[in-house]
Amino acid sequence: MGSRFVMLINIICIESSRPDWAKLAFDSYESKFNKSININWKGCKPIPRNKNYDIQKAIQKEGEILLSNTKKQDLIISLDKEGKSLDTLKLKDNFENWLSSSKDISFLIGGPDGLSSDCIKQSHLSWSLSDLTFPHSIVPVIIIEQVYRAWSITQNHPYHR
């Protein structure tokens with residue numbers, strides 16, 4: 001029997017701090033996956049902003065930081081308000097394709113001013129979670145919950161109901 005592929009899911013975000021409640025919620029979902037999936041939440045410091053900062057330069061530099069935390073062969077998924085809206089079954093279909101690709105996934109979450117065009121261009125999918133605006137620290141929790149929901153469907157687990 002050959003070795004089974006273990007998928008690594010990176011959730012890479014620009015963040016200044018991570019509240020305890022977000023870490024607790026994230027860890028709770030992370031612990032539900034079996035050994036075929038490893039989850040990594042990587043926070044990257046934002047570019048300092050003062051009243052005269054250049055928004056485009058900050059977005060560009062943060063994009064470089066995010067992309068430097070991915071591997072060339074990763075499937076990159078950008079979180080972007082202009083991205084594609086997915087319902088649960090469409091996410092599950094995407095997830096099954098990601099699994100069958102035998103590649104690791106890197107979700108990119110930009111800073112307060114959004115993602116760079118480079119991040120979007122290098123993405124295999126640009127995903128919009130909602131038309132709503134969420135607190136930054138809840139987005140990784142929403143991502144891992146939705147990925148867990150999609151994964152649980154592929155495992156015939158009743159969670160998604």
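Nothing here was measured: the structure is a model prediction, and the numbers come from that model.
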| field | Backbone of C44 reached by a side-chain donor or acceptor of E15 within 3.5 Å | value |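 Side chain of E15 to backbone of C44, a donor-acceptor pair under 3.5 Å: no, none is there.
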| Taking the side chain from H124 and the backbone from L75, do they hold a donor-acceptor pair closer than 3.5 Å? |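 Not confirmed, H124 side chain does not pair with L75 backbone.
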| Whether F33 and Y148 hold their rings parallel, tilted or perpendicular, with breakpoints at 30° and 60° |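 Ring orientation of F33 relative to Y148: perpendicular.
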| query | Parallel under 30°, tilted from 30 to 60°, perpendicular over 60°: which one fits the rings of W98 and F95? | reply |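 Perpendicular: the ring planes of W98 and F95 meet at over 60°.
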| query | Can you pull the ring pair (Phe, Tyr, Trp, His ring centres under 6.0 Å) pairs that have at least one residue in residues 60-82, sequence neighbours excluded? | reply |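 Listed by first then second residue: nothing to list.
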| query | Would N34 and S36 count as a side chain to side chain donor-acceptor pair (under 3.5 Å) if you check the C-alpha gap in whole Å, the side-chain angles of each, and the deciding distance to 0.1 Å? | reply | CA-CA 6 Å; N34 67 22; S36 68; 2.5 Å; yes
| query | Of D27, I39, I9, which is the lone residue that meets side-chain contact (heavy atoms from CB on, under 4.5 Å) with I144? | reply |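 It is I39, the one option of D27, I39, I9 that forms the side-chain contact (heavy atoms from CB on, under 4.5 Å) with I144.
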| With sequence neighbours excluded, what pairs up with K92 under the salt bridge (charged side-chain N to carboxylate O under 4.0 Å, His left out) test? |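 E96.
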Contact list for [range], test side chain to side chain donor-acceptor pair (under 3.5 Å), sequence neighbours left out:
range: residues 77-86; value: S78-S123
range: residues 104-114; value: N10-S106, R49-D113, Y53-D113, K71-D104, D74-S106
range: residues 131-142; value: none

| said: Let me confirm one number: the CD1-CD distance from I65 to Q60, rounded to the nearest 0.5 Å. | reply: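 Between I65 CD1 and Q60 CD, I get 11.0 Å after rounding to 0.5 Å.
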| said: Among residues at least two apart in sequence or on other chains, which ones pass ring pair (Phe, Tyr, Trp, His ring centres under 6.0 Å) with Y29? | reply: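 So Y29 forms no ring pair (Phe, Tyr, Trp, His ring centres under 6.0 Å) with any residue.
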| Got a sec: does the CG of D87 have more than 12 other heavy atoms crowding it under 6.0 Å? |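 Result for CG/D87: enclosed.
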| query | Has K61 got more than 12 heavy atoms of other residues, nucleotides or ligands less than 6.0 Å from its NZ? | reply |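 Check fails, neighbour count at 12 or below.
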